[in-house]
Colleague: 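The structure is given below, and queries will be raised subsequently.
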Amino acid sequence: CVGCVWLGLVSGVIGTKLPGDGTVVVSKKLRFPNACYAGDLVKIEVEIQTIRKIVRCGFWCSVGDKVVMEGTADVINKNVIKNQTCNNTI
């Protein structure tokens, strides 16, 4: 399941980079609008969309201009600050 690989990488970014250590995932929603194949170069993007008691992160995986996986993750992290960004390449 290639989608499971991408979801694992997204979870790694959320848990270690954005918002980072101490993150507890409350829920995830995802969908796979297009196919992805072995050998494809996949770009993964994660952004913090809302910061309240529960932080909502949006994520996208794309091959070229096609989105192959997208979704949201609701997480709890007591260390989140507004305007936090992550420009790391994994």
Colleague: What distance separates Thr50 OG1 from Asp74 CG, expressed to the nearest 0.5 Å?
Modeller: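 Atom-to-atom, Thr50:OG1 and Asp74:CG are 7.0 Å apart.
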
Colleague: List the steps, then state whether side-chain contact (heavy atoms from CB on, under 4.5 Å) holds for Cys57 with Val75.
Modeller: CA-CA 8 Å; Cys57 299; Val75 302; 4.3 Å; yes

Colleague: Ile76 pairs by side chain to side chain contact (heavy atoms under 4.5 Å, CB included) with which of Thr23, Val26, Val25?
Modeller: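 Single pass found, and it is Val26.
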
Colleague: Any non-hydrogen side-chain atom of Trp60 less than 4.5 Å from a side-chain atom of Lys43?
Modeller: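 No, too far: nothing below the 4.5 Å cut-off.
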
Colleague: Might you point out which heavy atoms bring Pro33 and Val67 nearest each other, and give the distance in Å?
Modeller: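 Scanning both residues completely, I find the closest heavy atoms to be CG-O, 3.3 Å.
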
Colleague: Roughly how far, to the nearest 0.5 Å, is the SG atom of Cys61 from the NZ atom of Lys66?
Modeller: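 So the NZ of Lys66 and the SG of Cys61 are separated by 13.5 Å.
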
Colleague: Looking at Ala73 and Lys28, what are the two nearest heavy atoms and their distance?
Modeller: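 Nearest heavy atoms, Ala73 then Lys28: CB-CG, 3.9 Å.
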
Colleague: Quick one, Glu70 and Leu30 - any side-chain contact, counting heavy atoms below 4.5 Å?
Modeller: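 With C-beta onward as the side chain, the pair stays apart.
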
Colleague: Closest heavy-atom contact between Val10 and Phe59?
Modeller: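 The pair with the smallest heavy-atom distance is CG1-CG, 3.6 Å.
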
Colleague: Applying side chain to side chain contact (heavy atoms under 4.5 Å, CB included) between Val63 and each of Asn34, Leu41, Val68, report the one that passes.
Modeller: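 Exactly one pass, corresponding to Val68.
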
Colleague: Rounded to the nearest 0.5 Å, how far apart are CD1 of Ile51 and CG of Asn77?
Modeller: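 Going from CD1 on Ile51 over to CG on Asn77, the span is 10.0 Å.
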
